[in-house]
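Quantities reported herein were computed from a predicted structural model and do not represent experimental measurements.
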Amino acid sequence: MAFSYDTLNPRQMEAVNHKEGPILVLAGAGSGKTTVLIARVAKLIESGVRPWNILAITFTNKAADELKNRLVTKLGMDAADVFASTFHSMCVRILRRDAEVLGLPKSFTIYDTDDSLRVVKKCLKNLGMEEKQFPPKPLLGAISHAKERLEDPRDMADLAERNGDYRMKVTAKVYAAYQKELHEAGALDFDDLLCETVRLFRTKPEVLEYYQNRWEYIMVDEYQDTNHVQYMLVALLAKKNKNLCVVGDDDQSIYKFRGATIENILSFERQFPGAKVVRLEQNYRSTQNILSAANGVIAHNTERKGKNLWTSNGDGSKIVIRRCVDEDREAEFIADKVLEGIGKGAKYSDFAVLYRMHAQSNSLEKAFMRTGVPYKIIGGLKFYERKEIKDMLAYMSVIVNPADNLRLERIINEPKRGIGATTLAAAQHISDVTGLSLFDVFEHSDEYADLYKKSAALKGFTGTMRELMEIAEDFDAESFFDALCEKTGYIDMLRAQGIEGETRLENVGELKTNLMKYQNEAQNPELSGFLEEVALYTDLDRMEESECVLMMTLHSAKGLEFENVFVIGAEEGVFPGMQAIYDMNEMEEERRLAYVGITRAKRNLFLTAAASRMIFGQTSHNRLSRFAEEIPEEYKEFFDESESRRKTIGYHFDEQPNGNIRIEKTYSEAPKTGDTYRKGDVVIHKVFGKGTVLSAKPMSGDTLIEIAFDKAGTKKLMANFAKLKKE
């Protein structure tokens, strides 16, 4: 099957045609980098490279799957042999093959963040430390960042000693205890997957050479988001053949808080001598005014390679910068603009609201509810973080790896079996003395005086788990899952919870669906394989478009695009945040975040600010964000509501010497319509059309009206915001 390169521009073809040696592709926002990756794989295969000698590393499972599917569509089934994977999935595969060389069981468990946090808490307890004095989450974060730098507990302890840092000394102790707990449970956390693979490559050169020969050509997507351990993995794999292609955008490096280091992309030519650099600057997403605004903002950064985005899409509308009186008016303005767009034929999903922090969504939610705009917040409780799902996964994990003490402790009394903290403590003591796993202790509990009274319950549990282990060996998703639910008593427990349990039962049912889908799609389906997929899955992989306005943080928006984008809170102290104002490196990262937000918009971009904003219970009066001011004048339209709104809604403004405006709000209610509504009234809404009032209920100085619209269905709106007309 021949691949067509006709749609590629000259710079894209330059990247595609480069075969031997390192190459850095600086791919600007919307410049078609995925197309280039796929075309480059096609060109390699056409030149005689065998598909299984190509490794493509992406940052999400969704991106890896998309790459594989597009390759197969374009090139046929041979392209399925290209190994497209995330860093973590690649390392799982490598470690499953050679784990025993490192003293790890091949059936090692992968701990997620919640599991790791429970281990840290256990370590603190064992070390006699109070969680109030040493909060577990920051400790786990410090351990994770140490692993990203390939520092072990001894490295951290030595550094703490040299610096005389007491808190770091404590962290090093917890780190050492944490690693010991993981080792005894036959478990690895996400960071360990990468660190242990680096250790394997460094200590076993024959293993490294095997993979260097296997993957002669390596491509890495989103290279600006890599950390030190990921750089080491790539450098080791590419050292022999040097055929490394990395694709990224230094102007979109926004994950420093996760350990990403922009230095990896900035110093690529020094780290890989002789590297070719290709800049993809033609944008296929946005209008020129949006791109010119982005270029103008990011030009103020000094730590960058430099590029200038352009497009043939035309100039488009200017960027609208709106300074509102307060956050309520800001939200009202956005709701009005959305409804205005809907009235002109747009879809709700054409609109996205981006903010620096989740707390900013409060006033927006209220405005959307009052005006009947459907919305969805990205970043709520994830499916695999719900209690009932984590319980079921814990059962599966113990079935795969009975030495997984952490998961075992989670489920031993879920549902209730009369096995409390005292019994667990006694069992743990026996485990520590004998060196047996908790599962083994439970299985022989009738042999220990301290556990004899509870031995029936403990042996009953292990007997059930042994039955399930046998069922899991001849893996059939449906029969296994049904047996798991019934034999453990978990489903009966949920059924006994009444209405509350109904939703949880539905979630457990959805987990069964996921397990069955895995069985249908996997080449060699095993329970351990399903658990690996779950552990490596991300929230963004599961995000589906729905017919509503999407609200999310700027970080969550990376990689997405929308017809119309609102970036709210464009104020000094909000975006950029107060901390960044006093730190140049932090400010540059904030500016890159602004660049990401601006380049999400395809047709229309709005930057909104509030002259007065209440957040975290405090009212602040902030200047307009420097990012809004850095957009060149010819590409923006600025509207300040201060003067026009002063007389109509009751605000007093006082210009301060520093340029800030002090605002006193004389009343907070929305302007009242003066109309009253009764059941049976026929009304007209500018977007929803004609409807009949079903009920009208006075509420907080307003009226909540339920209206049955002829075409839009039944909606509940607040009268002062709905802007209704009586027929």
Side-chain angles (χ1 to χ4, degrees), residues 254 293-294 296-298 300-301 319-335 337 352-367 551-555 557 565-584 586-598 600-601 605-633 636-646 649 651-665 668:
I254 59 172
V297 171
I298 201 63
H300 288 77
N301 271 9
I319 286 75
V320 174
I321 301 175
R322 189 108 181 175
R323 193 183 194 210
C324 303
V325 173
D326 61 10
E327 72 275 10
D328 293 333
R329 173 56 192 152
E330 177 186 49
E332 185 184 340
F333 166 75
I334 293 168
K337 279 294 176 185
V353 183
L354 313 181
Y355 36 75
R356 186 63 182 86
M357 48 192 167
H358 280 295
Q360 292 172 256
S361 70
N362 184 35
S363 54
L364 275 164
E365 291 187 69
K366 291 177 183 175
M551 298 165 59
M552 69 192 81
T553 63
L554 285 149
H555 282 100
V565 169
F566 298 89
V567 178
I568 71 169
E571 304 145 33
E572 293 290 293
V574 177
F575 185 43
M578 193 61 70
Q579 190 175 6
I581 291 174
Y582 304 103
D583 186 321
M584 187 187 75
E586 292 290 334
M587 181 59 72
E588 295 223 341
E589 177 123 346
E590 287 282 286
R591 189 173 281 110
R592 292 193 290 269
L593 198 54
Y595 176 85
V596 167
I598 291 169
R600 297 312 93 198
L605 173 66
F606 301 85
L607 270 62
T608 63
S612 172
R613 181 180 302 277
M614 178 173 281
I615 195 162
F616 305 132
Q618 299 291 321
T619 300
S620 59
H621 309 293
N622 304 316
R623 295 179 63 91
L624 186 67
S625 170
R626 69 189 68 194
F627 304 146
E629 293 176 343
E630 287 168 358
I631 296 174
E633 293 295 329
K636 65 185 178 186
E637 296 176 345
F638 177 59
F639 299 92
D640 193 332
E641 294 184 347
S642 301
E643 289 298 322
S644 62
R645 298 284 289 179
R646 182 188 302 181
I649 62 173
Y651 289 87
H652 172 69
F653 294 79
D654 184 16
E655 188 78 30
Q656 303 292 300
N658 63 2
N660 280 341
I661 298 177
R662 184 168 61 83
I663 305 171
E664 295 178 3
K665 198 171 184 179
S668 58

By salt bridge (charged side-chain N to carboxylate O under 4.0 Å, His left out), Glu637 pairs with (sequence neighbours left out) none

Arg592 meets the side-chain hydrogen bond (donor to acceptor under 3.5 Å, both in side chains) criterion, sequence neighbours left out, with Glu589

query: How far apart are the C-alpha atoms of Val567 and Ile598, what are their side-chain angles, what is the distance that settles it, and do they pass the side chain to side chain contact (heavy atoms under 4.5 Å, CB included) test?
result: CA-CA 8 Å; Val567 178; Ile598 291 169; 5.7 Å; no

Side chain proximity check, Leu354 to Met552, heavy atoms < 4.5 angstrom = yes

Distance col, row Cys324:SG vs Ile334:CD1, nearest 0.5 angstrom, shows 7.5 Å

Exercise. Is any side-chain heavy atom of Arg626 less than 4.5 Å from a side-chain heavy atom of His300?
Worked result: no

Sorted by chain and number, sequence neighbours left out, ring-ring contact (aromatic ring centres under 6.0 Å, His included) with Phe606 holds for Phe566

side-chain hydrogen bond (donor to acceptor under 3.5 Å, both in side chains) filter on Ser363, not counting sequence neighbours, yields none

CD1 of Ile319 to CG of Leu607, rounded to nearest 0.5 Å, is 8.5 Å

The reported gap from CD in Glu572 to CD1 in Ile581 (rounded to nearest 0.5 angstrom) is 5.0 Å

**Request:** Compare all side-chain heavy atoms of Thr553 with those of Met357 and state whether any distance is below 4.5 angstrom.
**Result:** no

In this structure, CD1 of Ile254 is separated from CD of Glu588 (nearest 0.5 Å) by 15.0 Å

Those residues at least two apart in sequence (or on a different chain) that pass ring-ring contact (aromatic ring centres under 6.0 Å, His included) with Phe575 are Phe627

Residues 354-364 vs salt bridge (charged side-chain N to carboxylate O under 4.0 Å, His left out), sequence neighbours excluded, gives Arg356-Glu590

Applying side-chain hydrogen bond (donor to acceptor under 3.5 Å, both in side chains) to Ser625 and not counting sequence neighbours gives none

side-chain hydrogen bond (donor to acceptor under 3.5 Å, both in side chains) filter on Glu586, not counting sequence neighbours, yields none

Tested for side-chain hydrogen bond (donor to acceptor under 3.5 Å, both in side chains) against Thr608, the lone hit among Lys337, Glu330, Arg329, Arg323 is Glu330

When rounded to the nearest 0.5 Å, the distance separating CD1 of Ile321 from NZ of Lys636 is 4.5 Å

| field | Any donor-acceptor N/O pair, Glu327 side chain to Gln360 backbone, under 3.5 Å | value | no

State, with a plain yes or no, whether a side-chain heavy atom of Val297 is found less than 4.5 Å away from one of Tyr595. no

The salt bridge (charged side-chain N to carboxylate O under 4.0 Å, His left out) partners of Arg600 (sequence neighbours excluded) come to none

>> Using side-chain heavy atoms (C-beta onward) and a distance below 4.5 Å, is Leu624 in contact with Phe638?
In response: yes

